[in-house]
Amino acid sequence: MRMTRYFLPVLREIPSEAQITSHKLMLRAGMIKQAVSGIYSWMPLGLRVLQKIERIVIEEQERAGHIPLLMPTIQPASLWQKSGRYDDYGEEMLRIRDRHNRDLLYGPTNEELITEIFSSHVKSYRDLPLTLFHIQWKFRDEMRPRFGVMRGREFLMKDGYNFDIDMDAAIHSYNRHMVSYLKTYERLGLKAIPMRADTGPIGGKYSHEFLVLADTGESEVFFDKRILNYNFGISELNFDDIDECQSIVDKWTIPYARTDETHDQETFDREVSQEHQGISRAIEVGQIFYFGTKYSEPMGALVTNSEGMHVPVHMGSHGIGVSRLVGAIIEAYHDEKGIKWPIVVAPYKVGIINAVMGDKESCEVSERIYNELNNANLEPIYDDRDERAGSKFNTMELIGIPWRITVGPRGLKKGVVELTNRYNGDRVEVPTGNIVNTMNKMGDCILD
Ligand code: ATP
Ligand code: MG
């Protein structure tokens, strides 16, 4: 992308309405624009990050054997009356009436709709297990929308739903989700800790939330600090292997880790010695539930089992806050100059700065490098604007591009450009010859 042709509405001033770093940086970097309280437009740069996160979430769900579909944002109230949640959900639900006086709602979650889809088509245990998921906008009329995309009213969520023949099978689905979530967060560069949670309006018996420690988080959490040394680190695993999934879940859930809603000081003191007790603020980036037949019974989602009896399916649901993750990643990756994107979600991987726009050779070399990187899929963003070099550096740092190539007459005299790493500020001079090769030689981990 060339900056002269892009739409990157960066702000010079720190917006006064933003209280936390990620919100400030998202506004300053021109990633989002508020439409009305808790509802945002995603500007081109923000959209690229959002889509990269989405892609990783989808890949990991598919790897675990879960099937994507897409349900609508608007749902009929009648389904929620059937499950009994229409009245329970309260003011958070946006209720709408169409021209025919039919009651509709903007979905805050999708248990009812998916249960109806399932029960219309699946009748036998032979078609189980089944997990369906989608990534779709949700609306919750939050009492206090704040912190930008962290607590929006309209927000993007991955939500998945498993259907199993009995509790044992559903617990395996629960475990499989926990494992796939741990893997997803790790790929995104986040350390998310599963914590025992309350089930809230979703209901059910088992639930874990995934929390990323951050001073600005809205949850208070209590945990055994040794869990911070855990790394998921498993690339190959068999999601159908019940024991393998169970052992990963055991490893991650045995240490004490709870949110304030389930925290019990006595148990904490008994299980975790003082020196290992951790208390922190944290951001909830996902939650998984097992709720048995809570929806399948009232909504008639029955299948025949192997003995020919009609039984309600056992279900669970699972959510990842895709748009909230953008903010959570920034909270974990920034400095006083701006964002420092992990390469996997960076909107562009390499920024090219042409330091002296009037210099013919600088222009030619910048153009050539830009084309080479584009062809090699290294997603360059080229600052070809007629601006001071200093201001270009500031923009590139603010928007968090992991690598920067600076092209200027001084370097070109020696046949080099400067390559700078946004994480640690390391700089090296590299020959203008074959930049793609040079970057590839620096290791796969750097570029993907
Ligand atoms: P919270 O406790 O933060 O209100 P929740 O427990 O009601 O969230 P879930 O139903 O578990 O939310 O939704 C799954 C995920 O969606 C959450 O873990 C969170 O990451 C994200 N999420 C929920 N509400 C919002 C919101 N208002 N804005 C942005 N993301 C949200
Ligand atoms: Mg939750």
Side-chain angles (χ1 to χ4, degrees), residues 20 22-23 26 32 34-40 42 46 50 53-54 57 61 73 85 88-94 106-114 133-161 174 177-178 180-182 184-185 188 190 192-204 206-214 216-221 258-262 281-291 294-295 315-332:
I20 64 169
S22 56
H23 188 193
M26 285 183 79
I32 50 168
Q34 182 175 295
V36 61
S37 169
I39 303 181
Y40 293 87
W42 288 77
L50 189 66
I53 296 173
E54 256 185 283
V57 170
Q61 287 308 298
T73 52
R85 277 209 295 182
D88 293 353
Y89 219 93
E91 301 245 69
E92 268 192 22
M93 184 191 275
L94 181 65
Y106 194 122
T109 176
N110 281 55
E111 281 80 6
E112 285 75 1
L113 198 55
I114 196 84
F133 75 95
H134 72 163
I135 295 185
Q136 178 61 291
W137 294 93
K138 303 288 182 289
F139 191 93
R140 294 181 185 175
D141 203 353
E142 299 276 356
M143 178 90 94
R144 284 188 68 199
R146 56 183 185 154
F147 301 162
V149 299
M150 289 281 198
R151 181 162 301 280
R153 293 196 293 165
E154 188 182 64
F155 59 97
L156 191 60
M157 194 205 284
K158 171 260 154 185
D159 42 325
Y161 305 87
Y174 185 88
H177 280 88
M178 182 172 299
S180 71
Y181 276 29
L182 288 170
T184 304
Y185 298 125
L188 294 170
L190 293 174
I193 308 171
M195 303 210 177
R196 191 191 291 194
D198 243 1
T199 53
I202 309 273
Y206 295 81
S207 183
H208 281 88
E209 288 176 348
F210 295 81
L211 288 117
V212 176
L213 303 187
T216 49
E218 291 186 283
S219 310
E220 187 173 28
V221 296
R258 297 196 195 175
T259 62
D260 48 4
E261 286 161 4
T262 52
R281 307 294 300 177
I283 303 165
E284 181 193 329
V285 291
Q287 186 163 13
I288 56 175
F289 302 85
Y290 162 65
F291 43 69
K294 177 176 153 87
Y295 298 90
M315 291 174 58
S317 68
H318 331 89
I320 293 183
V322 176
S323 49
R324 181 180 285 183
L325 274 168
V326 180
I329 293 172
I330 296 174
E331 289 295 328

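Atoms within each ligand, like the ligands themselves, are counted from 1 in listed order. Counting from 1, the numbers follow the sequence of the chain as shown.
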### Query
Is Ser323 near ligand 1, meaning one of its heavy atoms is under 4.0 Å from it?
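False for this residue.
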### Message
Does the residue Thr109 have a heavy-atom contact with ligand 1, meaning some pair of atoms that are separated by less than 4.0 Å?
### Response
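For ligand 1, residue contact (heavy atoms, under 4.0 Å) with Thr109 is absent.
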### Message
Main chain of Arg144, side chain of Arg151: is a donor-acceptor contact present, judged purely on distance under 3.5 Å?
### Response
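Here the side-chain-to-backbone pair does not exist.
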### Query
Could you walk me through whether Tyr181 and Phe210 pass the ring-ring contact (aromatic ring centres under 6.0 Å, His included) check?
CA-CA 8 Å; Tyr181 276 29; Phe210 295 81; 5.4 Å; yes
### Query
Counting heavy atoms only, which part of Glu284 comes closer than 4.0 Å to ligand 1: side chain, backbone, both or neither?
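Looking at Glu284 and ligand 1, atoms from backbone and side chain both fall under 4.0 Å.
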### Query
Under 4.0 Å from ligand 1, counting heavy atoms only, is it the side chain of Val149, its backbone, both or neither?
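For Val149, the contact with ligand 1 is made by the backbone alone.
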### Query
So is there a nitrogen or oxygen of Met157 less than 3.5 Å from a nitrogen or oxygen in ligand 1?
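No, Met157 has no N/O under 3.5 Å of an N/O on ligand 1.
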### Query
Closer than 2.8 Å to the Mg ion (ligand 2), which protein N, O or S atoms?
Glu284 OE2, Gln287 OE1
### Message
Regarding Gln136 and Thr73, do their side chains bring together a donor and an acceptor under 3.5 Å, going by distance alone?
### Response
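Distance-only check fails for Gln136 and Thr73.
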### Task
Kindly indicate, with the supporting measurements, whether the criterion side-chain hydrogen bond (donor to acceptor under 3.5 Å, both in side chains) is fulfilled by His318 and Asp159.
CA-CA 5 Å; His318 331 89; Asp159 42 325; over 6 Å; no
#### Entry: Closest non-hydrogen atom pair, Met93 against Pro108
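Between these two residues, the closest heavy atoms are CE-CG, 4.4 Å.
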### Task
Nearest heavy atom to atom 1 (P) of ligand 1 wins, so pick from Glu218, Met143, Arg151.
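Residue with the shortest heavy-atom distance to the ligand atom: Arg151.
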### Task
Return the orientation label for the His23 and Tyr40 ring planes: parallel under 30°, perpendicular over 60°, tilted otherwise.
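His23 and Tyr40: perpendicular rings.
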